[in-house]
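Remember, predicted model here, so these are calculated numbers, not experimental data. Counting convention: from 1, in listed order, for ligands and their atoms alike. Basis for what follows: all heavy atoms, side chains included, without hydrogens, waters or symmetry-related copies.
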Amino acid sequence: MSEVRIRPRQVLVLIIVFLVILMMVHRNGKRTCQGPDYLQTMYAQADTLPTIYAVTPTYTRPAQKAELTRLSHLFMLLPHLHWIIVEDANATSPLVTGLLERAGLEKRSTQLNIKTPPEFKLQGKDPNWIKPRGVEQRNLALTWLRNNVDTDRHSIVFFMDDDNSYSTELFAEMSKIERGRVGVWPVGLVGGLMVERPYLSEDQKQVIGFNAAWRPERPFPIDMAAFAISMDLFIRNPQALFSYEVQRGYQESEILRHLTTREKLQPLANACRDVLVWHTRTEKTKLTAEEALLKQGKRSDGGMEV
Ligand code: UGA
Ligand code: MN
């Protein structure tokens with residue numbers, strides 16, 4: 001019988017192959033995000049980044065689930081976000097609860113509700129509003145935040161409409177907001193312009209003006225999606241709330257005037273040169289065929305949640 005001799009070199013090669021396989025398995029197991037560098041960095045630093053509380057007013061209409069599904073997938077990608085979703089309704093809905101569960105966001109979300117008083121809506125007109133939207137809902141979220149957030153830890157508040165389009169990169173930028181400050185950046189497709197943006201000083205550290213074409217005389221002529229706020233400012237300024245007493249388009253100025261000045265704004269998004277959020281609006285869903293079905297006592301979505 002011939003004897004099989006194993007040489008030390010072969011043993012060494014085997015050990016190296018084994019170690020390489022082990023390293024590959026380990027790396028794959030640890031990988032939670034395959035996105036670009038800024039997203040990988042966010043994952044690596046998730047425990048130390050400030051929590052971003054995103055406040056979204058929302059109301060029942062045919063495209064609601066589509067809009068909220070889009071947003072929920074952003075939240076799935078971003079580990080340090082907490083979603084405060086405030087329904088414009090007398091009760092929270094199974095649609096929103098189910099959506100949060102389906103996205104695995106139960107522990108990173110808060111579901112609230114408050115109905116806008118009917119006197120603030122003009123039904124059947126376009127625009128069907130005489131007063132600003134989302135006021136009641138955002139104020140309820142602010143009360144929740146003031147009562148529930150651990151103020152020893154730095155965190156950030158962002159007012160997030162349910163129909164805009166947001167890049168994950170915006171949230172990486174928002175994480176840079178310092179305590180006591182309000183971060184600002186450009187917003188695409190708003191106010192009759194391709195982009196509304198702040199103008200910066202030569203050293204790019206201060207906001208010195210804005211390019212708004214619509215009501216440029218506003219104290220802060222920017223859209224709701226153009227800024228996020230360090231939570232400590234809301235604690236230090238308990239009077240800061242949204243109000244029905246101001247004209248449409250003045251909500252942003254109304255909240256910001258209590259919290260900051262133009263000079264103290266913190267420019268972000270590559271010195272306000274990158275567009276990372278767009279003020280998109282979804283067209284009203286046309287349901288003429290559905291209405292015809294309903295007249296015959298039928299419907300296309302029987303037993304389904306659309
Ligand atoms: C613009 C701004 O982007 C909003 O942040 C601001 O609240 C609004 O103007 C205003 O000042 O009225 P716009 O696209 O015109 O937004 O408004 P919507 O997107 O229709 O509404 C803003 C938010 O309020 C949305 O998240 C929407 O779901 C919610 N909303 C709207 C309600 O909760 N109830 C409603 O009846 C209508
Ligand atoms: Mn909108």
Side-chain angles (χ1 to χ4, degrees), residues 53-72 74-75 83-93 95-96 99 109-142 144 157-166 170 182 184-193 195-196 210 212-215 218-229 241-257 275-285:
Y53 292 93
V55 174
T56 303
T58 188
Y59 68 108
T60 306
R61 76 270 197 200
Q64 184 185 28
K65 192 174 181 184
E67 307 279 22
L68 294 178
T69 299
R70 229 155 36 115
L71 291 201
S72 72
L74 252 181
F75 284 78
W83 198 6
I84 305 179
I85 184 156
V86 194
E87 295 184 62
D88 184 351
N90 287 324
T92 57
S93 67
L95 186 146
V96 172
L99 194 125
S109 61
T110 302
Q111 196 185 350
L112 304 173
N113 70 281
I114 184 164
K115 191 151 181 67
T116 306
E119 60 269 30
F120 292 126
K121 291 191 190 185
L122 265 185
Q123 295 301 336
K125 296 236 173 118
D126 194 19
N128 67 340
W129 275 70
I130 39 172
K131 293 282 181 180
R133 308 165 196 221
V135 170
E136 232 45 81
Q137 292 75 26
R138 292 188 186 111
N139 282 344
L140 181 67
L142 284 178
W144 185 91
V157 181
F158 179 48
F159 298 106
M160 188 177 194
D161 287 11
D162 63 1
D163 56 345
N164 290 341
S165 307
Y166 305 86
L170 179 67
V182 174
V184 283
W185 46 80
V187 177
L189 317 177
V190 71
L193 295 174
V195 59
E196 269 188 4
F210 301 90
W214 188 71
R215 301 205 177 166
R218 288 175 290 164
F220 294 90
I222 53 178
D223 185 68
M224 200 67 81
F227 61 91
I229 300 163
L241 281 173
F242 291 94
S243 163
Y244 283 118
E245 301 310 313
V246 300
Q247 297 173 50
R248 268 202 88 174
Y250 276 75
Q251 275 316 311
E252 295 84 356
S253 295
E254 177 58 21
I255 197 80
L256 289 173
R257 76 183 176 90
V275 179
L276 304 174
V277 54
W278 297 261
H279 186 258
T280 45
R281 302 191 72 191
T282 304
E283 79 170 69
K284 196 167 177 289
T285 316

So, regarding E252 and ligand 1 (criterion: nitrogen or oxygen to nitrogen or oxygen, under 3.5 Å), is there a contact or not? no
Considering only heavy atoms of P132, which atoms of ligand 1 have at least one such atom less than 4.0 Å away? 11 (O), 12 (O)
When only distance counts, is Q251 in polar contact with ligand 1, meaning an N/O pair under 3.5 Å? no
Does D162 put an N, O or S atom under 2.8 Å from the Mn ion (ligand 2)? no
What about D163: any of its N or O atoms under 3.5 Å from an N or O on ligand 1? yes
Atoms of ligand 1, numbered as shown, that sit under 4.0 Å from any heavy atom of D88: 32 (C), 33 (O), 34 (N), 35 (C), 36 (O)
Mind checking whether T56 has a heavy atom under 4.0 Å from ligand 1? no
If you compare D162, T280, D161 by their heavy atoms, the one closest to atom 3 (O) of ligand 1 turns out to be D161
Which word best sums up how the rings of W83 and F75 line up, parallel for under 30°, tilted for 30 to 60°, or perpendicular for over 60°? parallel
Residue selection (non-hydrogen contact nearest atom 8 (C) of ligand 1) among R248, M160, H279: R248
Output for pair (M224 CE, M160 CE), nearest 0.5 Å, gives 14.0 Å
T58: heavy atom below 4.0 Å from ligand 1, yes or no? yes
M224 neighbourhood, listing ligand 1 atoms whose heavy-atom distance to it stays under 4.0 Å: 5 (O)
Is the closest N or O pair between N164 and ligand 1 shorter than 3.5 Å? no
Near-ring test F220/F227, centroid separation under 6.0 angstrom: no
Under 3.5 Å: donor-acceptor pair, side chain of Q137, backbone of I114: yes
Treating S165 as the side-chain partner and T280 as the backbone partner, does any N or O pair qualify as donor plus acceptor under 3.5 Å? no
Taking the side chain as every heavy atom from C-beta outward, state whether V195 and H279 have any atom pair closer than 4.5 Å. no
Determine whether a donor-acceptor pair (N or O, by modelled atom type, separation under 3.5 Å) exists between the side chain of N113 and the backbone of A89. yes
Looking at R61 and D162, is any side-chain nitrogen of the basic one under 4.0 Å from a carboxylate oxygen of the acidic one? yes
Per-atom filter on ligand 1: closer than 4.0 angstrom to a heavy atom of D223 are 2 (C), 3 (O)
Main-chain N/O of S253 paired with R218 side-chain donor or acceptor, under 3.5 Å: no
Please state which part of R138 comes within less than 4.0 Å of ligand 1, counting heavy atoms only: side chain, backbone, both or neither. side chain
